[in-house]
Number of protein chains: 2
Amino acid sequence: MEAAKAAFAELGVDAAMRDIATRAGVGVGTIYRNYPQRSDLIIAVFRRELDATAAEADHLASEHSPATALRLWAQSLARFVATKRGFAGALHSGDPAYNLLPGQFIGVLAPRVQSILDAGAVSGTIRGDIRAEDLIHALTRLADSHPGDADDRAGRMTTVLLDGVIGAPSAG
Amino acid sequence: MEAAKAAFAELGVDAAMRDIATRAGVGVGTIYRNYPQRSDLIIAVFRRELDATAAEADHLASEHSPATALRLWAQSLARFVATKRGFAGALHSGDPAYNLLPGQFIGVLAPRVQSILDAGAVSGTIRGDIRAEDLIHALTRLADSHPGDADDRAGRMTTVLLDGVIGAPSAG
DNA sequence: CAACTATACGGAACAATGTTCCGCTTGTCA
DNA sequence: TGACAAGCGGAACATTGTTCCGTATAGTTG
């Protein structure tokens, strides 16, 4: 089954089930039995990296100021998303087959990020009216780029968003 | 054909071609003959509203400061996107069937928005390192919400992004 | 060791959907 | 009135997600 994961990662999140099955040398039924929802398969495939990204939030928080930690972590998240073709699309698709994905994803990441946000709010370096869940949603949306997109548009817009997060609260 | 457009708008951007055809009382072939690419159909359907949104950028620019015009226009764009289920998804899908969509969309809107950005940059109220195209991409990504999403997350994150656009340039 | 059973597997079968293509209708012109 | 052209409708085809069933296999029991 781990072989299936590798094949899967290569083809992208919305690879055809038949392809995945063939590459893994199993039948499609076998995949569905182990991962009834497509989300289950995706979660299984990226669990390790997801946990690593979550852990990095804690690590960065312990080594940097909240504002810096947040910026660095956002880059980390962007890397995660950028290297998984179609992942962000699945995350925000609303497709029932991807039902569990947002919950799992946010569930793992949000608490760590919220810690950073809270610390920054206390020290006044990060505005206090931002929820980690919203921020993660926004970051994953902005980080989702396609081959034809302008060079590092995602990175630039992420920076701008963080300027809004770290700067003063809305003037208007 | 105009009837097809209405039916189409009701079911969402990724409505099944058969449904659209049935509702319009025509065969699927007829649709494909008039709109070889799915993008063509979408563009045709929303052209009027898209132009109106573009025109509103000019209007707002003439009545308000650049910063205020930009904020108001962003809300206008968000309304546009929010009322077209699946539109943002199609816009950023990368699917060949939606090929022409981003170009058309950006092509119509970007020049007007760039005017606002330029005016703001001159008066110092808007940072000067933002490209209209990037901003529109980002706004449409953030505005794309699904049923079940937190209340007005899109609106809040859009506000934050604009705070980044209108506030001081990145400190880091 | 043999028979039986439960488990899991593979892939055929089914359903939905995008897209193409062909036969027919309809309207025009000589 | 007859021939022709254009446009239409929907059948047909291909792809893909998902379910289901016959079968092989491993484990258990006598």
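Quick caveat: nothing in here was measured; it's all calculated off a predicted structure. As a basis for the values below, the full set of heavy atoms in this structure was taken, side chains included, without hydrogen atoms, waters or symmetry mates.
Here the CD1-CZ distance, from A:Ile106 to A:Arg131, works out to 10.0 Å after rounding to the nearest 0.5 Å. If you take CE on B:Met17 and CD1 on B:Ile31, they are separated by 6.0 Å, rounding to the nearest 0.5 Å.
Closest to the side chain of A:Ala16, from the set C:dT20, D:dT16, D:dT19, is D:dT16. Checking C:dA8, D:dG17, C:dT19 against every side-chain atom of B:Ala97, the shortest atom distance belongs to C:dT19. The side chain of B:Val28 approaches D:dA11 more closely than any other nucleotide in the set D:dA11, C:dG10, C:dG11.
Below the 3.5 angstrom threshold, one finds a donor paired with an acceptor across the side chain of B:Arg18 and the base of C:dG18.
Residues A:Pro66 and A:Ile116 share a closest heavy-atom pair of O-CG2, 3.5 Å.
Here the side chains of B:Phe87 and B:Val45 are not in contact, with every heavy-atom distance at 4.5 Å or above.
Distance OH (A:Tyr35) to P (D:dT19): 17 Å, rounded to an integer number of Å. The nearest whole Å value for the distance from the OH atom in A:Tyr32 to the C1' atom in C:dG11 is 13 Å. Between the P atom of C:dG11 and the CE atom of A:Met17 lies a distance of 16 Å, rounded to the nearest Å. Taking atom CD1 on A:Ile31 and atom C1' on D:dT16, their separation rounds to 13 Å, with Å as the unit. Atom CG of A:Leu41 and atom P of D:dG17 are 12 Å apart (whole Å). Atom CG of A:Asp14 is separated from atom P of D:dT15 by 17 Å (rounded to the nearest Å). As rounded to whole Å, 16 Å separates atom C1' of C:dG10 from atom CD1 of A:Ile20. Rounding to whole angstrom units, CZ of residue A:Arg33 and C1' of C:dA6 are separated by 13 Å.
At a threshold of 4.0 angstrom between heavy atoms, the contacts of A:Ala15 are confined to the sugar-phosphate backbone, with no base atom among them.
Both B:Gly29 and B:Arg38 lie near DNA chain C, and the one whose nearest nucleotide falls closer to the 5' end is B:Arg38.
In this model, the phosphate group of C:dG10 is approached by a side-chain N or O of A:Thr30 to a distance below 4.0 Å at OP1 or OP2.
Of the possible donor and acceptor atoms, one in the side chain of B:Asp149 sits under 3.5 Å from a partner among the backbone N and O of B:His146.
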